[in-house]
Amino acid sequence: MAKWRGLALLLLVALAVLVAPWLAPQNPYDLAALDIIDARLPPFSHASNGPLTYWLGSDEQGRDLLSALLYGLRISLLVGVGGSFVAFAVGSMVGLWAGYRGGRSDALLMRLADLQLSFPALLVALVLLALLGPGLSKVVIALALSQWAWFARLARNEARSLAGRDYVTAAHLAGVGEIRILIRHIWPNALPTLLTAWPVQLAAAITLEATLSFLGLGAPVTQPSLGLLIANGFQYLLSGQYWISLFPGLALVLLLATLNAGADRLAKV
Amino acid sequence: MPMKTPRILFALLLGLALHLPVQAADLSIGLAADVSSLDPHYLNVAPNIAIASHFFDTLVTVDADSKLAPGLAESWKAINATTWEFKLRRGIKFSDGSELTTEDVVFSLNRPATLTNSPGPFTPFTKIISGKQAVDAHTLRLTTSQPYGPLPLDLSSIFIVSKKAAENASSEDFNSGKALVGSGPYTLLRFKRGESIEMARNALWWGYRDGRATQWDKVTFRLLPADGPRLAALLAGQVDAIEGAPAADLPRLKADARFHLEQRISWRTLFLQLDQYRDKSPFITDANGKALEKNPLKDARVRLALSKAIHRQALTERTLEGLGVPAANVVSPGILGHVAARKVEAYDPDGARQLLQEAGYADGFSLTLHGPNNRYINDDQILQTVAQFWSRIGVKTKVETMPLSVYFGRLRKADFSIGLLGWGSLAGDFALKNLVATPNAAEGWGAWNWGQYSNPKVDQLLHESLASVDDGKRRKLAEQTATAALGDTALIPLHHQIATWAMKKGLRATPRLDEFTFAWQFRPE
């Protein structure tokens, strides 16, 4: 049982995120629902107008933190999954092709990946967002573009070792086309390794999104994700209004911890 | 006993040496903005002007209450509608010992126009001067191309440099100190870019004769743009005082006996500018995201509705944590052109909805509000709060914020439908000339009126007001202009900012209306 605890926790978080709109006491992204009069109330405060209780307090716009947290987790997961999935798809395709073909296309693609990997992912994402402009879809693109190389490198090594296997040589001798060999013989065999690597990159993508939002480059200010919530509360930390930063911070840590635990479990299956 | 004398002398010297650091009056101040250049004519931004004021003088100065006061010119008068005569003080010395004459003044008035690569030139202050005549070494006559009342005020922005030192000097020569020869109260010791500026008292400064003595032998300005580190530097005793004490930490600073706060309503007024010329404004759609037939912001009823929907009291108390007062004007109280009789638009969401309905927007519409996120006190939060208020009357509002460097460029290109701007001005008519006058690049009118509000009556009143060299008449005309423009909701005033200085116990300061931080504002208690 204990072995499955990590995965169960992950599923629980995923469920909470899925039903967030029904679970959250307030829609934190509907500006008309907020009341500036209730700004920066400590946990367990009651709303000045209406029946709402701010269980985790409210932020500087009078947004219920519990609701903001649930919605924020949603954005973090969505953007993280989206970004790492695109990176996974693009990266593994490029890598498999390079590894299988070898020669010039291998050299070219892998130097490109090396070039990309020599820059920190955050820097690449920052530059891309500066060029693309704000918005969550742009963050997904930036995440994908700063992470594809990682998958490409892994896929290339897999393809390289698989390309020498007897069954691949046999298929080749039997006159099977290159694309078909890639899809039928190499891709299915490389997939398990790539899949186990994916949750690690998912966690990295979520951290990167939180960092970008913390720097004010991710989610729009009226739809704060966890990183932006932490950033918003940052200026109040010294003055004792800890809850605006603390709870989103804890939520982020929890998300990443359960993700790692769940991924660990998956890797052993 | 011949041995004794040197020993006593040594003891005396030692005692003196030990005492010196205690007696020397040093001051260190944490500034909230970076200083990009020490060239006083290079870039017209407040942080550079604040530092330049320590090294250089101007013909006319403004005091802490933004009233005109004699500077290098002991007196001035308008001889006729377009000619002004300035009398220089006698015996004013530059820090290199040479005497300041009208020749240096003429050189300094000409210099801004020669710095053609400046991103924010000082030429708006000098453009109108068409003739400069040095009658003698201490009398200067300036002619303006048209009648222009605010000339003395404009001249308070032009620093007088030494012709000998600054002729052919580059901005880099000022930063290194080579060309930095002024007549001001301090001389440069060191400029560490992005870090600090150290200066020493200028013993030759004329102000000492006038009893304007400053207390400080050595002043260090530390450049600490981020709120956290600036506050931390004060708490740790690394600086004696800071400007722009962070709003969130004021209650705690107030409660701490080790520190003292000085506050005052500053000249900076924040308002929203609206696109009033395009039929299809880039960020306005109907409630469902479809394009609208016409631009609702062209309708004065819609503009008034947006103004009525804003709860300015809540905005200043909650979003600004008390660092603002609700505004009904574009200039702060006490400044020429501030109409005291104007009431702050009352929070009236029902009235706002009613007005929208009358204008044909019963279902509301959608818009995006733009603004900077690193310029004014809690600027990005102000925008979100305004969006909150507007959403309540059915105007679905999104917010997009960006760093100032990006924002100003896009604002002046009219990339937005509604934008937030803060403006500090020492005269209401001057502010309105920039903000609501029909744009006319050749004459420098409406330079910041990107939304192209245009009202012939306002333009007419402005012309008359700016042309009056009689102060009483000008005041009346400036107030009439403001009443006409604001009555039409040419822009939506939000609040006047409150500036805060925090300092260690034992120091006191005179807060300035124009938010500047000068060493001589500070004194021991």
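Chain letters run A, B, ... following the sequence lines, proteins first and then strands; every chain starts at 1. Heavy atoms only: backbone and side chains are in, while hydrogens, waters and symmetry mates are out.
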Do [X] and [Y] have side chains that get closer than 4.5 Å, going by heavy atoms?
X        : Y        : value
A:Leu34  : A:Gln26  : yes
B:Asp363 : B:Asn288 : no
A:Arg63  : A:Pro224 : yes

Name the option with the most non-hydrogen atom pairs under 4.5 Å to chain A; the candidates are B:Pro403, B:Ala314, B:Ser391, B:Ala247.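 Among the listed options, the one with the most contacts to chain A is B:Ser391.
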[X], part contacting chain A, at a heavy-atom distance under 4.5 Å:
X        : result
B:Ile393 : neither
B:Arg318 : both
B:Asn373 : neither

Tell me, for A:Asp30 versus chain B, whether the close heavy atoms (under 4.5 Å) come from the side chain, the backbone, both or neither.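 Contact with chain B involves no heavy atom of A:Asp30 at all.
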Can you name the nearest heavy-atom pair linking B:Leu270 to B:Gly422, along with the distance?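 Taking B:Leu270 first and B:Gly422 second, the nearest heavy atoms are CG-CA, 4.0 Å.
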With a 3.5 Å distance limit and no angle check, can you tell me whether B:Ser266 reaches the backbone of B:Ala499 through a side-chain donor-acceptor pair?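 No; judged by distance alone, with no hydrogens or angles, the pair does not exist.
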